[in-house]
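Here the structure comes first, spelled out in structure tokens, and everything after it is commentary.
Every value quoted in this text rests on a predicted model; they were computed, and no experiment measured them. Atoms within a ligand are numbered from 1 in the order they appear, just like the ligands themselves.
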Amino acid sequence: MGFADKLKALFRRSALDEEAYDDLADLLVEGDLGASFAYEIVEKLKQKCRKDKISDMDGARKALKELLLPYARAKSLELDPDRLNIVMMLGVNGVGKTTSCAKLAYWATTEKKTARVILAAADTFRAAAVNQLKIHGQRLGIRVVAQGQGADSAAVLWDSIEAANAEHAQLLIADTAGRMHTRQDLLKELEKMDRIISQKAPDARYSKILVLDATTGQNGMRQAEIFNGAVAIDGVILSKYDSTAKGGMILSLAREYNLSTMFLGTGERYSDFEPFASGQFLDELIGL
Ligand SMILES: Nc1nc2c(ncn2[C@@H]2O[C@H](COP(=O)(O)OP(=O)(O)OP(=O)(O)O)[C@@H](O)[C@H]2O)c(=O)[nH]1
Ligand SMILES: [Mg+2]
């Protein structure tokens, strides 16, 4: 039984007694809320049920949703149609950066009617990375700016901004390499990228998006700590949400690092990509 089903089953019990509260805390830990957060929420729920004289399970579930709502923080990616928007896709190895670049490009062209999108293959670390992005570009009919493997990623970014300026592009999405960075490495690399953007596209609207894999739990939290400590992250994409019913990481990210979620990746197709909606997310999480 998955996390959401277990939670639903718990709320089908006859009453929220001490045992049920304990089980709820265990379940929230399992759902990637992290132990201290889980116990804090359960304690608050106990108090709230006592104070508001809530004794039925439906009432308790609604109270739980109310307590979690401030942590289900959503942020939309605003695209200004009248200037260049630049998105830097960040994250460690294999989390879904390249796939998310392609999905974001698809979303922007289909949902946001962003006519001119460019993809930048700034992951020059792996040979296959450039090809992977080029294939997405071909399928989507979107231009990919690339150089060969081993090229300087900053040079690729430079080229891609030049192309974006020449074509009056509305959106430039840069794929980056997924090495596990130390804070120093990351800072240096991103400072270089920032410098190029402020030189070549000073009027652009620039966002840094961190991709986290929903299946990695506490590892994802650690990645968020490193990236968010190094640069100001504008928002998160939680990928592979289809592979796990546990979305608790989103709540922990808000609580620990004040991060908001922009999109959920929900599968392998381009259309498996949704702007994050707090209410719906919580309803699914706790089975309302
Ligand atoms: N089920 C599912 N799979 C996904 C999702 N997003 C990405 N993937 C898969 O995860 C794997 C890694 O995705 P990539 O986009 O290559 O990840 P990356 O971060 O670019 O990886 P590196 O470039 O190696 O650092 C691929 O097999 C993707 O198809 C998702 O939302 N759901
Ligand atoms: Mg990649």
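Protein heavy atom nearest atom 9 (C) of ligand 1, with residue, atom name and distance: Lys240 CE, 4.1 Å. Ranking the protein heavy atoms by distance from atom 29 (O) of ligand 1 puts Glu268 OE1, 2.7 Å first. With hydrogens left out, the protein atom closest to atom 18 (P) of ligand 1 is Lys97 N, 3.4 Å, a heavy atom. When only non-hydrogen protein atoms are considered, atom 16 (O) of ligand 1 lies nearest to Gln132 NE2, 3.0 Å. Protein heavy atom in closest approach to atom 17 (O) of ligand 1: Gly96 N, 3.0 Å. The single protein non-hydrogen atom nearest to atom 23 (O) of ligand 1 is Arg126 NH2, 3.1 Å, given as residue, atom name and distance. Of all protein heavy atoms, the one lying nearest to atom 12 (C) of ligand 1 is Gly94 O, 3.7 Å. Closest to atom 32 (N) of ligand 1 among all protein heavy atoms lies Asp242 OD1, 2.8 Å.
Residue Lys103 places at least one N or O, backbone or side chain, under 3.5 Å from an N or O of ligand 1. Note: no N/O pair closer than 3.5 Å links Asp175 and ligand 1 by distance alone. The shortest N or O to N or O distance between Thr98 and ligand 1 is under 3.5 Å.
Within ligand 1, the atoms closer than 4.0 Å to a non-hydrogen atom of Gly265 are 31 (O), numbered from 1 in the order shown. Ligand 1 places these atoms under 4.0 Å from at least one heavy atom of Asp123: 23 (O). Near Gly267, with a cut-off below 4.0 Å to any heavy atom, the atoms of ligand 1 are 2 (C), 5 (C), 30 (C), 31 (O), 32 (N). Ligand 1 places these atoms under 4.0 Å from at least one heavy atom of Asn93: 22 (P), 24 (O), 25 (O). Annotation for ligand 1: atoms under 4.0 Å from non-hydrogen atoms of Thr266 are 31 (O).
Side chains of Ser76 and Glu78: a donor on one and an acceptor on the other come within 3.5 Å. Checking Asn85 against Tyr206 by side-chain atom types alone, no donor-acceptor pair falls below 3.5 Å.
The side chain to side chain contact (heavy atoms under 4.5 Å, CB included) test with Leu251 singles out one residue from Asp32, Leu69, Leu285, Ile41, and that residue is Leu285. The side chain to side chain contact (heavy atoms under 4.5 Å, CB included) with Val211 is formed by just one residue from the set Lys240, Gln223, Met89; it is Met89. Exactly one of Asp152, Asp159, Thr124 qualifies for a side chain to side chain donor-acceptor pair (under 3.5 Å) with Gln147. That residue is Asp159.
Screening the protein for N, O or S atoms under 2.8 Å from the Mg ion (ligand 2) yields 1; no waters enter the count.
Salt-bridge formation is not detected for the pair Glu191/Arg195: no Lys NZ or Arg NE/NH1/NH2 atom is positioned less than 4.0 Å from an Asp or Glu carboxylate oxygen. The existence of a salt bridge linking Lys192 and Glu189 is excluded, since no basic side-chain nitrogen approaches an acidic carboxylate oxygen closer than 4.0 Å. Of the charged side-chain nitrogens involved, at least one lies within less than 4.0 Å of a carboxylate oxygen, so that Glu18 and Lys46 count as a salt-bridged pair. With respect to Lys103 and Asp272, no salt bridge is recorded, no charged nitrogen being found less than 4.0 Å from a carboxylate O. Looking at Asp23 and Lys6, no side-chain N of the basic residue comes within less than 4.0 Å of a carboxylate O on the acidic one, giving no salt bridge.
For Phe273 and Tyr106, the ring centers are positioned 6.0 Å apart or more.
Between Ser243 and ligand 1 there is a heavy-atom distance shorter than 4.0 Å. Using a 4.0 angstrom heavy-atom cutoff, Gly91 does not count as in contact with ligand 1.
Under the ring-ring contact (aromatic ring centres under 6.0 Å, His included) criterion, Tyr270 pairs with His136, not counting sequence neighbours.
The neighbour count for Lys112 NZ, taken as heavy atoms of other residues, nucleotides or ligands under 6.0 Å away, does not exceed 12. Environment of CZ in Phe125: sparse, with no more than 12 heavy atoms of neighbouring residues, nucleotides or ligands closer than 6.0 Å.
Heavy atoms from both the backbone and the side chain of Thr99 come within less than 4.0 Å of ligand 1.
The distance from the CG atom of Asp175 to the CG atom of Leu157 is 12.0 Å, given to the nearest 0.5 Å.
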